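Source: prediction; values computed, not measured. These numbers come from the heavy atoms of this one structure, side chains and all, not from hydrogens, waters or symmetry mates. In what follows, chains carry the letters A, B, and so on, assigned in the order in which the sequence lines appear, proteins first and then strands, with residues in each chain numbered from 1.
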Amino acid sequence: SQQGEEDPQALSIQEGENATMNCSYKTSINNLQWYRQNSGRGLVHLILIRSNEREKHSGRLRVTLDTSKKSSSLLITASRAADTASYFCATLDDYRLSFGAGTTVTVRA
Amino acid sequence: DAGVIQSPRHEVTEMGQEVTLRCKPISGHNSLFWYRQTMMRGLELLIYFNNNVPIDDSGMPEDRFSAKMPNASFSTLKIQPSEPRDSAVYFCASSQTGQGASQPQHFGDGTRLSIL
């Protein structure tokens with residue numbers, strides 16, 4: 001079953017702009033992970049944020065986590081055409097990753 | 001590091017045929033996962049192996065599906081007999097997990113399965 005729900009479902013931006021997507025989840029978590037999936041490829045792990053962390057950065061990525069609201073956001077700054085992909089949040093319960101439906105991001109040149 | 005290797009990348013077969021999907025996890029990883037991805041249901045965990053032992057197969061749809069991991073470097077997912085509703089992209093993922101550890105999963109590029 002899907003634990004996380006991403007919003008929006010789709011996002012189209014101009015190269016150089018920032019892209020923000022949100023994820024809401026239902027139950028308590030140990031950590032929350034974000035993955036990227038390029039068309040026709042497997043998922044690639046981007047970043048992991050633990051339940052006791054509020055914000056984390058990795059290159060052009062910034063992730064926030066609000067456990068009181070059971071929500072997380074992923075910000076991609078200065079987007080590039082290569083960032084065109086689907087982005088998924090996933091919550092981890094023991095070994096089980098539960099993925100949301102994803103946000104499809106299109107970066108226009 | 002070669003990553004997780006899946007074969008075949010694409011499979012088209014007729015209803016009723018047996019289908020075998022293969023996966024080679026990353027060397028040194030002790031956990032292996034099979035997922036199915038469809039537009040309607042998203043990503044679903046089918047089965048989880050730890051140290052070659054099936055730990056959780058609650059996601060396997062029905063008895064037509066079976067999975068094996070005879071050694072640390074190879075796993076198969078078999079569908080027999082196949083049905084059109086089995087059409088999906090099947091992913092294998094591996095990770096290094098231990099008690100209390102939260103390691104990211106590494107995915108293969110999937111097998112796109114079409115059952116006619």
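Only the side chain of B:Gln37 comes within less than 4.5 Å of a heavy atom in chain A; its backbone stays farther off. Using a 4.5 Å cut-off between heavy atoms, B:Ser58 touches chain A through its side chain atoms alone.
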- Task: Step by step, work out the side chain to side chain contact (heavy atoms under 4.5 Å, CB included) result for B:Ser87 and B:Leu113.
- Result: CA-CA 5 Å; B:Ser87 298; B:Leu113 178 63; 5.7 Å; no
Go through the steps for B:His29 and B:His106 under the test ring pair (Phe, Tyr, Trp, His ring centres under 6.0 Å), then give the verdict.
CA-CA 10 Å; B:His29 283 186; B:His106 298 258; 5.3 Å; yes
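Ring-plane geometry between A:Tyr35 and B:Phe107 is classed as perpendicular, the angle between the planes exceeding 60 degrees on a 0 to 90 degree scale with a lower cut at 30.
Of all the listed residues (B:Gln6, B:Gln105, B:Glu44, B:Arg9), the one sharing the greatest number of non-hydrogen pairs under 4.5 Å with chain A is B:Gln105.
Scored by the side chain to side chain contact (heavy atoms under 4.5 Å, CB included) test, A:Ser12 finds A:Thr106, A:Arg108 as partners (sequence neighbours excluded).
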